[in-house]
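Residues take their numbers from the sequence shown, with the count starting at 1. Atoms within a ligand are numbered from 1 in the order they appear, just like the ligands themselves.
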Amino acid sequence: MDDLPHIAFFGAGSIGCFIGGAWQAAGLPVSFIGRPATRADIDKHGITVTDIDGARLHLPPGSVDFGTEAKGLAKADVIALCVKSNDTIAAAREIKKYGRKGAIVISFQNGVSNVQTLKQMLPGFDVIQGMVPFNVAYMWSGRWHKGVAGELVAEARPTTLAIAEKIGRRTGQLRTTSEVDGLAWGKLLINLNNAVNALSGKTLVEQLRDRDYRRVVAASMRETLAILERAGIKPAKLGPIAPDLLPHAIAAPDFLFRNTLLRAQRIDPHARSSMADDLAAGRRTEIDYLNGEVVKLAKSLKRKAPVNEAIVALVKQAEAGVEKKWGGRELRDHVLEGRAGPFGY
Ligand SMILES: NC(=O)c1ccc[n+]([C@@H]2O[C@H](COP(=O)([O-])OP(=O)(O)OC[C@H]3O[C@@H](n4cnc5c(N)ncnc54)[C@H](OP(=O)(O)O)[C@@H]3O)[C@@H](O)[C@H]2O)c1
């Protein structure tokens with residue numbers, strides 16, 4: 001136990017409590033830094049981690065080291081950063097102040113700019129890319145539920161290899177890789193569904209069963225792929241489908257999509273994107289760090305990304321309090337009107 005690295009989950013909400021809970025249950029030394037409300041819940045109920053395959057792990061109250069102050073970072077060999085992208089800069093300041101130089105900082109966040117921001121702000125730390133390819137929802141009473149299949153990824157280091165080995169094939173399984181180029185953009189392509197799901201007001205399964213929503217997602221993917229090609233960025237292949245083919249697969253006719261990709265994805269019927277949860281809770285979303293990054297990259301190349309721009313605008317409206325659940329056809333007409341590309345939307 002002594003030679004295992006101590007891992008602090010900084011920004012312990014859905015992702016931090018799920019992964020941290022699973023890793024502690026697998027025998028790793030773990031602590032959590034998050035908000036008082038999360039601590040109060042865990043003090044009462046402990047942490048329960050469940051997943052779509054029926055796994056259920058429980059850490060009883062009293063067994064969880066959950067603090068609310070960043071000074072707890074001082075004991076960490078590994079800082080697993082799980083704050084939303086809007087909070088990265090503030091979190092980096094705290095890591096710089098309290099973290100131990102030489103510690104590994106794994107960004108488990110979505111978005112393509114967090115690792116770069118952290119590297120710039122944290123010289124002397126080993127900042128590495130992580131990736132969470134599944135959805136986690138907070139189910140109250142100390143329970144966090146993984147509602148989509150998939151395994152965690154982190155850049156290979158001797159320490160991340162040791163963590164992966166300790167967890168083995170248990171819940172919270174970690175795959176290490178040295179091929180991180182394009183990983184964040186590969187994930188962003190998939191995350192382009194988040195905004196459409198949030199705008200739909202539906203569960204992921206309901207939304208994905210509707211081809212009109214999927215056509216909007218496919219159009220935003222196609223636009224992103226074109227911009228990435230211009231920028232010379234090659235997004236990584238994260239699932240069974242190569243990035244170039246993703247828009248075709250997503251926009252496939254219903255019977256094909258439902259019986260292949262949707263079935264293979266194994267999504268919990270209640271799961272929604274975390275952006276949907278943010279809107280429901282009146283919180284700022286990560287839209288600037290997802291579709292917004294495509295718009296930003298396009299601008300830097302003196303190009304336009306009208307599909308992603310339209311989606312960003314709708315999410316900003318929703319953030320500002322416009323309560324509207326977009327139907328599939330309605331969203332497709334609004335976002336894609338007059339923009340039929342060579343493949344049709
Ligand atoms: N949830 C998912 O299904 C999912 C899946 C894949 C990837 N991700 C990515 O993972 C990242 C985290 O998402 P999440 O859903 O876990 O977010 P979350 O549930 O909001 O958890 C983040 C927690 O960190 C807290 N926090 C922020 N700054 C802090 C600080 N300086 N000190 C202590 N606590 C702090 C937040 O509190 P406040 O809310 O009070 O700020 C919140 O409780 C995001 O980049 C997201 O895109 C999420």
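Residue Thr38 places no N or O, backbone or side chain, under 3.5 Å from any N or O of ligand 1. When only interatomic distances are considered, the shortest N/O to N/O separation between Val136 and ligand 1 falls below 3.5 Å. Below 3.5 Å of separation, one finds an N or O of Ile15 facing an N or O of ligand 1. For ligand 1, one of its N or O atoms has an N or O atom of Arg35 under 3.5 Å away. Between Arg283 and ligand 1, not a single N/O pair is under 3.5 Å apart.
Residues Ser31 and His6 bring a donor and an acceptor atom of their side chains to less than 3.5 Å of each other. Residues Gln129 and Glu155 have side chains that never bring a donor and an acceptor to within less than 3.5 angstrom of each other. Looking only at atom types and distance, the side chain of Asp41 has a donor-acceptor partner in the side chain of Tyr138 under 3.5 Å away. Lys146 and Asn135 share no side-chain donor-acceptor pair at under 3.5 Å. If you check the side chains of Asp268 and His145, you find a donor sitting under 3.5 Å from an acceptor. Side chains of Glu286 and Ser85: a donor on one and an acceptor on the other come within 3.5 Å. A donor atom on one side chain and an acceptor atom on the other are found under 3.5 Å apart for Thr285 and Glu319.
Each of the atoms 3 (O) of ligand 1 lies under 4.0 Å from some heavy atom of Asn135. The atoms of ligand 1 that sit less than 4.0 Å from any heavy atom of Phe108 are 10 (O). The distance from ligand 1 to the heavy atoms of Ser274 drops below 4.0 Å at these ligand atoms: 1 (N), 2 (C). The Cys82 neighbourhood of ligand 1 comprises atoms 11 (C), 12 (C), 22 (C), with distances under 4.0 Å to a heavy atom of that residue.
Distance screen at 4.0 Å: atom 5 (C) of ligand 1 has a protein heavy-atom neighbour inside the cut-off. For atom 41 (O) of ligand 1, a protein heavy-atom neighbour is found at a distance under 4.0 Å.
If you check which protein heavy atom lies closest to atom 21 (O) of ligand 1, you get Gly13 CA, 3.2 Å. Looking at atom 45 (O) of ligand 1, its nearest protein heavy atom turns out to be Glu286 OE2, 2.7 Å. Protein heavy atom nearest atom 13 (O) of ligand 1, with residue, atom name and distance: Lys84 CE, 3.7 Å. Atom 19 (O) of ligand 1 has as its closest protein heavy atom Ser14 N, 3.0 Å. The nearest protein atom to atom 22 (C) of ligand 1, hydrogens excluded, is given as Gly11 O, 3.5 Å; this is a heavy-atom distance. In terms of protein heavy-atom proximity, atom 34 (N) of ligand 1 is closest to Gly34 CA, 3.6 Å. For atom 7 (C) of ligand 1, the closest heavy atom belonging to the protein is Asn110 ND2, 3.2 Å.
Note on ligand 1: Ala91 sits outside its first shell, no heavy atom being nearer than 4.0 Å. At least one heavy atom of Phe10 sits closer than 4.0 Å to an atom of ligand 1.
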Working note: Ile104 + Phe125, criterion side chain to side chain contact (heavy atoms under 4.5 Å, CB included); need CA distance, chi angles, decisive distance, verdict. CA-CA 6 Å; Ile104 292 178; Phe125 290 80; over 6 Å; no

Audit row: Lys316, Ile287, side chain to side chain contact (heavy atoms under 4.5 Å, CB included) steps and yes/no: CA-CA 8 Å; Lys316 297 261 178 192; Ile287 192 71; 4.1 Å; yes

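For the side chain to side chain contact (heavy atoms under 4.5 Å, CB included) with Val78, the qualifying choice from Val30, Ile163, Leu28, Val105 is Ile163, the only one to do so.
Of all the heavy atoms of Phe134, the ones lying under 4.0 Å from any atom of ligand 1 belong exclusively to the backbone.
Arg284 has no carboxylate O lying under 4.0 Å from a charged side-chain N of Asp278, or vice versa, which leaves the two without a salt bridge.
Side-chain rings of Tyr213 and Trp326 stay apart, their centers remaining 6.0 Å or farther from each other. The six-membered or imidazole ring of Phe18 lies near that of Phe134, with a centre-to-centre distance under 6.0 Å.
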